[in-house]
Amino acid sequence: MRVQAFMFYGCAVFFLATDVVYWLWSGDWTGTTALGLAVGLAGLIGFYVHFTVRRLERANAGPLYEDDPEGEIADAAGELGFFSPHSWWPLFVGLSAAAVALGVVFGWWLVILGAAFAILTTIGLVFEYYRGHFAH
């Protein structure tokens, strides 16, 4: 994963150079701002991946299997995490986000209603396994 972090760092540097050239040639604030945001987003993702790799390497007491040049595919075998097979909450989170987006078109009352539902459904998604039948 270390390669992915440096790929995002490289994207951030490329976007920064492109941003400077774009500003000097066009003087347009809109495109310059968009490219500046691209620099920030690529740098943020690169920093997150780099931070996560360092944390995982400390937990595994060595390099990760995908960073090992002598690594085998079988080294990655095992449990990858927990994925909810029956959750309806992502659907409701998406519908509430759609209501917020449609609220910008049809009226601010729908934005407020959609935002309230987005908060409630996000809480439901996060705390789905804390209580009830599927609690751990």
Side-chain angles (χ1 to χ4, degrees):
M1 280 179 55
R2 188 172 300 275
V3 173
Q4 288 90 340
F6 288 112
M7 284 175 52
F8 279 107
Y9 288 148
C11 287
V13 170
F14 170 76
F15 288 141
L16 180 63
T18 306
D19 194 19
V20 170
V21 171
Y22 183 82
W23 170 250
L24 292 176
W25 278 2
S26 70
D28 177 34
W29 281 100
T30 308
T32 304
T33 304
L35 284 170
L37 290 173
V39 170
L41 290 174
L44 180 71
I45 294 171
F47 175 75
Y48 173 75
V49 172
H50 197 161
F51 178 77
T52 303
V53 167
R54 288 182 50 206
R55 186 174 50 90
L56 290 174
E57 284 177 348
R58 274 187 258 142
N60 293 337
L64 299 177
Y65 63 87
E66 61 259 20
D67 292 331
D68 185 10
E70 301 296 323
E72 298 290 329
I73 294 175
D75 295 340
E79 185 176 333
L80 297 176
F82 175 74
F83 303 96
S84 180
H86 62 274
S87 179
W88 284 86
W89 286 109
L91 173 67
F92 298 132
V93 171
L95 289 174
S96 60
V100 171
L102 287 173
V104 174
V105 175
F106 293 114
W108 289 106
W109 62 271
L110 190 56
V111 170
I112 295 169
L113 188 66
F117 281 126
I119 291 169
L120 291 175
T121 56
T122 303
I123 290 171
L125 177 69
V126 169
F127 293 111
E128 178 176 11
Y129 290 98
Y130 279 75
R131 298 185 63 190
H133 180 67
F134 298 109
H136 292 244

### Task
Give the intermediate values and the outcome of side-chain contact (heavy atoms from CB on, under 4.5 Å) for residues T52 and Y48.
CA-CA 6 Å; T52 303; Y48 173 75; 3.5 Å; yes
### Task
Check the pair T121 / L125 against side-chain contact (heavy atoms from CB on, under 4.5 Å), numbers first and verdict last.
CA-CA 6 Å; T121 56; L125 177 69; over 6 Å; no
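The hydrophobic clustering, which links ILVMFWY residues whose side-chain heavy atoms are closer than 4.5 Å, places L95 and W89 together. Under the 4.5 Å side-chain heavy-atom criterion for ILVMFWY residues, a single connected hydrophobic cluster contains both V49 and L56. Put simply, W109 and V105 are part of the same group of oily side chains (I, L, V, M, F, W, Y) that touch within less than 4.5 Å, one to the next. Under the 4.5 Å side-chain heavy-atom criterion for ILVMFWY residues, a single connected hydrophobic cluster contains both Y130 and I123. The cluster map of Ile, Leu, Val, Met, Phe, Trp and Tyr, joined by side-chain heavy atoms under 4.5 Å apart, puts W108 and L110 in different clusters.
Closest approach of Y129 to P85, counting heavy atoms only: OH-CD, 4.3 Å. Of all heavy-atom pairs spanning A5 and G46, the tightest one is CB-O, 3.8 Å.
Ring geometry for F47 versus F51: interplanar angle under 30°, hence parallel rather than tilted (30 to 60°). Using bins of under 30°, 30° to 60° and over 60° for the plane-to-plane angle, the ring pair W23/W29 lands in the tilted bin.
Contact of the F92 side chain with the S96 side chain is not registered, since no non-hydrogen atoms from C-beta on lie closer than 4.5 Å.
Other residues sharing a hydrophobic cluster with V3 under the 4.5 Å side-chain heavy-atom criterion for ILVMFWY residues are M7.
Counting heavy atoms of neighbouring residues, nucleotides and ligands inside a 6.0 Å radius, atom CG of L24 exceeds 12 of them. The environment of F117 atom CZ is sparse: at most 12 non-hydrogen atoms of other residues, nucleotides or ligands sit within 6.0 angstrom.
To the nearest 0.5 Å, atoms OH (Y22) and CG (L35) are separated by 7.5 Å.
For the side chain to side chain contact (heavy atoms under 4.5 Å, CB included) with T32, the lone residue among L37, V20, D19 that qualifies is D19.
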